[in-house]
Amino acid sequence: MINKNIKSNHIQIENLFKSIFTEVPNTSIVLNDRSVIIRHDDSSNSDAASIEIVELSDRYKISYWDGYSLAEEEDSTDLKKSLKIFKRYSKKLAKNLNRFSQ
């Protein structure tokens with residue numbers, strides 16, 4: 001089966017979350033039909049760190065919020081490339097949360 005949208009990749013994305021964020025406390029994932037958000041659950045920060053991939057009509061938008069502002073944002077028309085970017089941002093978020101939230 002060819003995974004051609006975000007919804008059809010939910011299992012892959014959820015497994016990615018489990019593998020990267022097992023040692024990172026206070027993180028959660030929200031899976032929707034056209035978007036996925038991984039975020040740090042920090043009640044003291046209204047703009048907590050997060051990563052988001054959104055499926056638009058003609059492209060995918062991947063955003064990385066560092067906990068203060070939008071740090072990086074990329075667009076791609078290719079789902080496979082978009083998921084690689086999402087994975088890279090996920091690793092970056094986990095690394096930063098482990099480093100700075102203790």
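Worth saying up front: this structure is predicted, and the values here are computed from it rather than measured.
Applying the side-chain contact (heavy atoms from CB on, under 4.5 Å) test to S76 and every residue at least two apart in sequence or in another chain returns D78, K81, S82. R34 meets the side-chain contact (heavy atoms from CB on, under 4.5 Å) test with E55; sequence neighbours excluded.
Side chains of Y64 and D66 form a contact here, defined as non-hydrogen atoms less than 4.5 Å apart. Counting heavy atoms from C-beta on, the side chains of F86 and V36 come closer than 4.5 Å. Put simply, the side chain of I51 does not reach to within 4.5 Å of the side chain of K92, judged on heavy atoms.
Nearest heavy atoms, N32 versus V30: ND2-CG1, 3.8 Å. Taking all atoms of both residues into account, the shortest heavy-atom contact from E23 to N98 is O-OD1, 3.6 Å.
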Test log, rule side chain to side chain contact (heavy atoms under 4.5 Å, CB included), inputs I13 and L83: CA-CA 8 Å; I13 294 169; L83 291 172; 3.9 Å; yes

Apply side chain to side chain contact (heavy atoms under 4.5 Å, CB included) to residues Y89 and I53 and explain how you reach the verdict. CA-CA 10 Å; Y89 286 168; I53 183 169; over 6 Å; no

Assess whether side chain to side chain contact (heavy atoms under 4.5 Å, CB included) is satisfied between L93 and F21, documenting all intermediate values. CA-CA 9 Å; L93 177 63; F21 291 92; 4.0 Å; yes

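Atom CG of residue N9 and atom CG of residue L16 lie 11.0 Å apart, to the nearest 0.5 angstrom. Atoms CD and CD1, on E74 and I85 in that order, are 4.0 Å from each other to the nearest 0.5 Å. In this structure, the separation between CG on L79 and CG on N5 is 7.5 Å, given to the nearest 0.5 Å. In this structure, CZ on R39 lies 13.5 Å from CH2 on W65, to the nearest 0.5 angstrom. Here CD1 of I29 is found 10.0 Å from CD1 of I37. Values are rounded to the nearest 0.5 Å. Distance check: Y60 OH to D75 CG gives 12.5 Å after rounding to the nearest 0.5 Å.
Follow the hydrophobic side-chain contacts under 4.5 Å out from I20 and you reach V24 in the same cluster.
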